[in-house]
Number of protein chains: 2
Amino acid sequence: MFMPEVKNSAVSSSYKNKEAILLAVDCIIFGFDHEGLKLLIFKREFEPLAGHWSLIGSFVNKNEDVEDAAYKVLKETTGLESLFVEQLHAFGRINRDKGDRVVSIAYWSLIKLNEENRNLNVANHEAHWVDFKEVPELILDHNEMVAMALTTLRERARFRPIGFELLPDKFTLPQLLNLYEAIYQTKFDDRNFRRKILKTGLLIKLNEKDKSTSKRGALLYKFDYQQYDKLSKDGYLFEL
Amino acid sequence: MFMPEVKNSAVSSSYKNKEAILLAVDCIIFGFDHEGLKLLIFKREFEPLAGHWSLIGSFVNKNEDVEDAAYKVLKETTGLESLFVEQLHAFGRINRDKGDRVVSIAYWSLIKLNEENRNLNVANHEAHWVDFKEVPELILDHNEMVAMALTTLRERARFRPIGFELLPDKFTLPQLLNLYEAIYQTKFDDRNFRRKILKTGLLIKLNEKDKSTSKRGALLYKFDYQQYDKLSKDGYLFEL
DNA sequence: CCAAAAGTGTTTTAATTACACCCATGA
DNA sequence: TCATGGGTGTAATTAAAACACTTTTGG
């Protein structure tokens, strides 16, 4: 019979003599506009690897929640208080950071681009939006983080109404279609797409048109968060 | 225009003067047998909260990968080298652990019960399998971890063939059906279930019967991992 | 008046659901 | 021989996929 070793075991038996480790958060920030899906990257400001492209991050202080550390970075970087944020994964390989042993907990977020945060690269030359298909080499394991975030974004977008987190509050159906086509890098039939998304009953049709992309103009819609929350409690599963 | 504060910012600018934090892993271990889906819990061996029910865990050493720390705990606890393991979530609230500031990275795993690990509670009185619907109060935020693991298990089981990780290599369709019914706590129509799972072409029918639960005996099947891996590379998505 | 994007319906095909009886066997 | 769990098929409904033309309007 299997008999676990209890002494000298991996399983901890007190807090004594434990080695503390540096803890960081890194943020994968996605944005979307008429040019497509984008990722926000930064020029690293300190050695090693100063000047290289990087995700934005921060060390976690001993007296702050890990999640708060991520929110703080996101608020400072994007100027937004309210955005979609979700923990992605903890990256814990011994040598992932050449500077010291650092375990990084990555968060991914979706932001609604506006005049202010769209031009971050002007206001702060260290920040830059790049096409998510053309992400340059990033430091450490940050490219791995981005790849995982993209996979997770695709998984989530299918079963949760998170696409709306990347669009303005008022959006058109062609915009929404473009977004999904960008996320999945494929074309969808617009008639089937419209039918499916409207059948959910979660889009509120407004009496306004967006004429910025055509002479005819496209009807604007809002996502009905209230109704979605209500349905979710009854087990409703959004699916696209 | 939005102008990020660059000085005194949350965003880190060096490794100097950063506070290290204790890092732990905790493991949510699921098993399945004729009695249903079970969770492996332990009696905590050290203060504070010694003697209370807990998940099994370990501190992470400065010179080991986080993932390796989890594997080590799982191997020591279950006696198994090869099992399904996936990172669940990093739990990082400041006061989650009364003993000290500890950030815990939780892993969930699925094990195939056998004669040895089924009787862990005999060999090691500190370990105990409990029905997943009747998990007692656990220390710290461990109940939260279990709840999240269960949600994740349900999400994953729908789109990945992970149910087989909880069954013996050779299993019957009634066993498989019972497993899914246990995971989702609902009844499925057995004819529809059989049709769907067999239509994937991923089950290899063996010329053996399991007569342990009926006089007639039920046909044994194996999951075709090779074929699944091959199809996965071509973008095949398992769905149940 | 025309270029360019927005918007609309139908048919075919495939998947899902609902449902009830016969089979094999050891005790 | 019978109780027990194992195994099978079909019809109805619903969802998905494929496909092309009309509408609106500013320039």
Side-chain angles (χ1 to χ4, degrees), chain A residues 32-36 157-159 163 167-168 170-182 184-222 231 235-240, chain B residues 32-36 157-159 161 163 167-168 170-182 184 186-222 231 235-240:
Chain A
F32 176 77
D33 66 11
H34 59 281
E35 291 168 6
R158 196 171 151 196
F159 292 104
L167 294 175
K170 299 174 181 182
F171 54 86
T172 68
L173 293 186
Q175 265 182 300
L176 189 63
L177 176 57
N178 285 340
L179 170 62
Y180 278 90
E181 291 183 337
Y184 294 104
Q185 286 293 289
T186 184
K187 288 281 169 194
F188 296 108
D189 182 280
D190 68 333
R191 287 160 290 185
N192 293 339
F193 180 83
R194 278 163 181 273
R195 185 184 312 118
K196 196 162 181 177
I197 194 74
L198 289 174
K199 191 158 50 66
T200 65
L202 292 170
L203 294 197
I204 300 168
K205 188 193 286 189
L206 304 174
N207 290 321
E208 294 176 68
K209 286 191 173 186
D210 171 5
K211 296 211 167 190
S212 65
T213 55
S214 74
K215 293 161 182 170
R216 180 177 176 175
L219 269 170
L220 285 162
Y221 291 81
K222 277 200 311 189
L231 290 174
Y236 168 78
L237 187 66
F238 177 92
E239 182 173 351
L240 203 93
Chain B
F32 175 76
D33 66 11
H34 59 281
E35 291 168 7
R158 194 171 153 195
F159 293 105
L167 294 175
K170 299 174 181 182
F171 54 86
T172 68
L173 293 187
Q175 265 182 299
L176 188 63
L177 175 58
N178 284 340
L179 170 61
Y180 278 91
E181 291 183 337
Y184 293 105
T186 183
K187 286 282 169 194
F188 296 108
D189 182 282
D190 67 334
R191 285 160 293 184
N192 294 339
F193 180 82
R194 278 162 181 273
R195 185 185 312 119
K196 196 161 181 180
I197 194 76
L198 289 174
K199 191 158 50 68
T200 65
L202 292 170
L203 294 198
I204 300 168
K205 188 193 287 188
L206 304 174
N207 290 320
E208 294 176 68
K209 287 193 172 184
D210 171 5
K211 297 212 167 189
S212 66
T213 54
S214 74
K215 293 160 183 170
R216 178 178 177 176
L219 269 169
L220 284 162
Y221 290 81
K222 278 201 311 188
L231 290 174
Y236 167 78
L237 187 66
F238 176 92
E239 182 174 352
L240 202 93

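All figures in this text were calculated on a predicted structure; none of them were measured in a lab. Proteins get letters first, then strands, A, B, ... in listed order; numbering begins at 1 in each. Heavy atoms only: backbone and side chains are in, while hydrogens, waters and symmetry mates are out.
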Nucleotide nearest A:Asp190 when distance is taken to its side chain, options D:dA16, D:dG6, C:dG7: C:dG7
N/O (side chain, A:Arg194) to phosphate O (OP1/OP2, C:dG7) under 4.0 Å: yes
Among C:dT10, C:dA18, D:dG5, the one nearest A:Arg195 by side-chain distance: C:dT10
Closest listed nucleotide, where the reference is the side chain of B:Leu219 and the choices are C:dT17, D:dT8, D:dG7: D:dG7
Euclidean distance, atom CG of residue A:Leu240 to atom P of D:dA15 [Å, nearest integer]: 15 Å
Residue B:Arg216, side-chain heavy atoms: nucleotide from C:dG7, D:dA20, D:dG7 that is nearest: D:dG7
Sugar-phosphate, base or nothing in reach of B:Leu173, heavy atoms under 4.0 Å: nothing
Below 4.0 Å: OP1/OP2 of C:dT16 and any side-chain N or O of B:Lys196: yes
Protein-nucleotide distance (B:Phe171, atom CZ; D:dG6, atom P), rounded to Å: 15 Å
B:Phe193 vs B:Leu176 side-chain heavy atoms within contact, under 4.5 Å: yes
A:Lys205, NZ: over 12 other non-hydrogen atoms inside 6.0 angstrom: no
Closest-nucleotide 5' rank along DNA chain C - winner of B:Asp189 and A:Thr213: A:Thr213
Among C:dT17, D:dG5, C:dA6, the nucleotide that comes nearest once only the side chain of A:Ser214 is considered: C:dA6
Trace of the ring pair (Phe, Tyr, Trp, His ring centres under 6.0 Å) decision for B:Phe159 with A:Phe159: CA-CA 12 Å; B:Phe159 293 105; A:Phe159 292 104; 5.1 Å; yes
Euclidean distance, atom CG of residue B:Asp210 to atom P of C:dG26 [Å, nearest integer]: 14 Å
Side-chain N or O of B:Lys211 closer than 4.0 Å to phosphate OP1/OP2 of C:dG26: yes
d(CZ, B:Phe193; C1', C:dC19) in whole Å: 19 Å
